[in-house]
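Atom set for the values below is all heavy atoms of this structure, side chains included, hydrogens, waters and symmetry mates excluded. Everything numeric here is computed off the predicted structure, so don't read it as measured data. Below, chains carry the letters A, B, ... as their sequence lines are ordered, and counting in each starts from 1.
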Protein chains: 2
Amino acid sequence: MEQRCVELGLKMTGQRRVIARVLSEAKDHPNVELVHRRANAIDNRISLATVYRTLRLFEEVDILERHDFGDGKARYEKADQDHHDHLIDVKSGKVIEFQNREIEKLQAAVAERLGFKLVGHRLELYAVPLADDATESGE
Amino acid sequence: MEQRCVELGLKMTGQRRVIARVLSEAKDHPNVELVHRRANAIDNRISLATVYRTLRLFEEVDILERHDFGDGKARYEKADQDHHDHLIDVKSGKVIEFQNREIEKLQAAVAERLGFKLVGHRLELYAVPLADDATESGE
DNA sequence: GTAACTGCAAACGCTTTGCGCGAAA
DNA sequence: TTTCGCGCAAAGCGTTTGCAGTTAC
């Protein structure tokens, strides 16, 4: 990810490096506050404003993807991976990634049938565990 | 819609009647400010707070559906119609409704394969017109 | 009559921004 | 030296809420 930033001519400061690292290592979809907390665990002089500015910057150059899963807070993940959509376990709040080529194709077909060219989409599945032994957790 | 409110035991005040009517007659997906403006065209003593409170109330009893198409403002439509998803023309902002049984089935299948039971979903297609003669409009 | 609703204005939560300072090129 | 990023605090925005007066039943 750092390499990517250099290619784009972004000045890599200490703060940005830390924030980049936090998201590189994240296996979940942290919101801004969580990124801030994790960044501060590494360097506690990073302000919330800088986190907001940096996340936005990274999003603009397509290093990160921003999501909104309906709780009113932006959540981030790195964008360099294969495209996928999200299933949100409404019991635990956990987010699971999935891919489905067939749905993607149908989406493009629907758009075309309506006279449009698909340029993006948002698909989120809200679901509950089948075997109801859900463990409560933040994600 | 008014009938529906009475069934639910909602007190039908003048303000609520107006707001219900505005959304009954809406062919688009107005945001709160727009609902407020349209309601005021009928009775200019309806406050924004009441619009917010009423829309939320109607949403809670499933008279209305709330959407968030990514512009940070809630948008509403009546909920009594067939289920559908939305295609957003990113050129004009226009919203087109569509149905696709096959996508719905695949969504349920995806959820099940992951060990979940689908309880809701959000699908939005962002697209541009194929024949690029888009007329700019609010919706 | 009384519980429920309303308007107003203040507060809310998330996010952005103006400013002066400090670091990098 | 000039540009850019930073922390801080204040402001912005859509939305919610406390309160006192008003309305529907």
- Message: Quick one, Phe116(A) with Leu125(B), criterion side chain to side chain contact (heavy atoms under 4.5 Å, CB included). Give me CA distance, side-chain angles, the key distance, then yes/no.
- Response: CA-CA 10 Å; Phe116(A) 288 85; Leu125(B) 305 183; over 6 Å; no

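Of the options Gln99(B), Arg122(B), His121(B), a side-chain hydrogen bond (donor to acceptor under 3.5 Å, both in side chains) to Asp85(B) is made by His121(B) and by none of the others.
Contact annotation: Arg56(A) side-chain N/O to dT15(C) OP1/OP2 distance is not under 4.0 Å.
Between Tyr52(B) atom OH and dG18(D) atom P there is a gap of 17 Å when expressed in whole angstrom units. Taking atom CG of residue Asn31(A) and atom P of nucleotide dG13(C), one finds them 15 Å apart after rounding to whole Å. Separating the CG atom of Asp71(B) from the P atom of dC14(C) is a distance of 19 Å, rounded to the nearest angstrom. As rounded to whole Å, 16 Å separates atom P of dC12(C) from atom NZ of Lys73(A). Protein atom NE2 of His36(A) is 14 Å distant from nucleotide atom C1' of dC14(C), rounded to whole Å. The CZ atom of Arg75(A) sits 19 Å away from the P atom of dG13(C) (whole-angstrom rounding). Distance, Tyr76(A) OH to dC14(C) P: 14 Å, rounded to whole Å. Taking atom CD on Glu33(B) and atom P on dT16(D), their separation rounds to 15 Å, with Å as the unit.
Side chains of Glu104(A) and Leu123(A) form no contact here, defined as non-hydrogen atoms less than 4.5 Å apart. The shortest side-chain heavy-atom distance between Lys78(B) and Leu23(B) does not fall under the 4.5 Å cut-off.
For His86(A), the ring pair (Phe, Tyr, Trp, His ring centres under 6.0 Å) criterion is met by His29(A), His67(A), Phe69(A), His84(A), not counting sequence neighbours.
Under a 4.0 Å N-O distance rule, the pair Lys91(B)/Asp89(B) does not qualify as a salt bridge.
Between Arg66(B) and Arg17(B), the residue anchored closer to the 5' end of DNA chain D is Arg66(B), taking for each the nucleotide with the nearest heavy atom.
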Scan nucleotides 5-7 of chain D against the protein and return all N/O pairs shorter than 3.5 Å with their distances rounded to 0.1 Å.
residue : atom : partner  : partner atom : Å
dG5(D)  : OP1  : Arg16(A) : NH1          : 3.2
dG5(D)  : OP1  : Arg16(A) : NH2          : 3.2
dG5(D)  : O5'  : Arg16(A) : NH2          : 3.4
dC6(D)  : OP1  : Thr13(A) : OG1          : 2.6
dC6(D)  : OP1  : Gln15(A) : OE1          : 3.4
dC6(D)  : O3'  : Gln15(A) : NE2          : 2.8
dG7(D)  : OP1  : Arg45(A) : O            : 2.1
dG7(D)  : OP1  : Ser47(A) : N            : 3.2
dG7(D)  : OP2  : Ser47(A) : N            : 3.2
dG7(D)  : OP2  : Ser47(A) : OG           : 2.8
dG7(D)  : OP2  : Thr50(A) : OG1          : 2.1
dG7(D)  : N7   : Arg53(A) : NH2          : 3.0
dG7(D)  : O6   : Arg53(A) : NH2          : 3.1

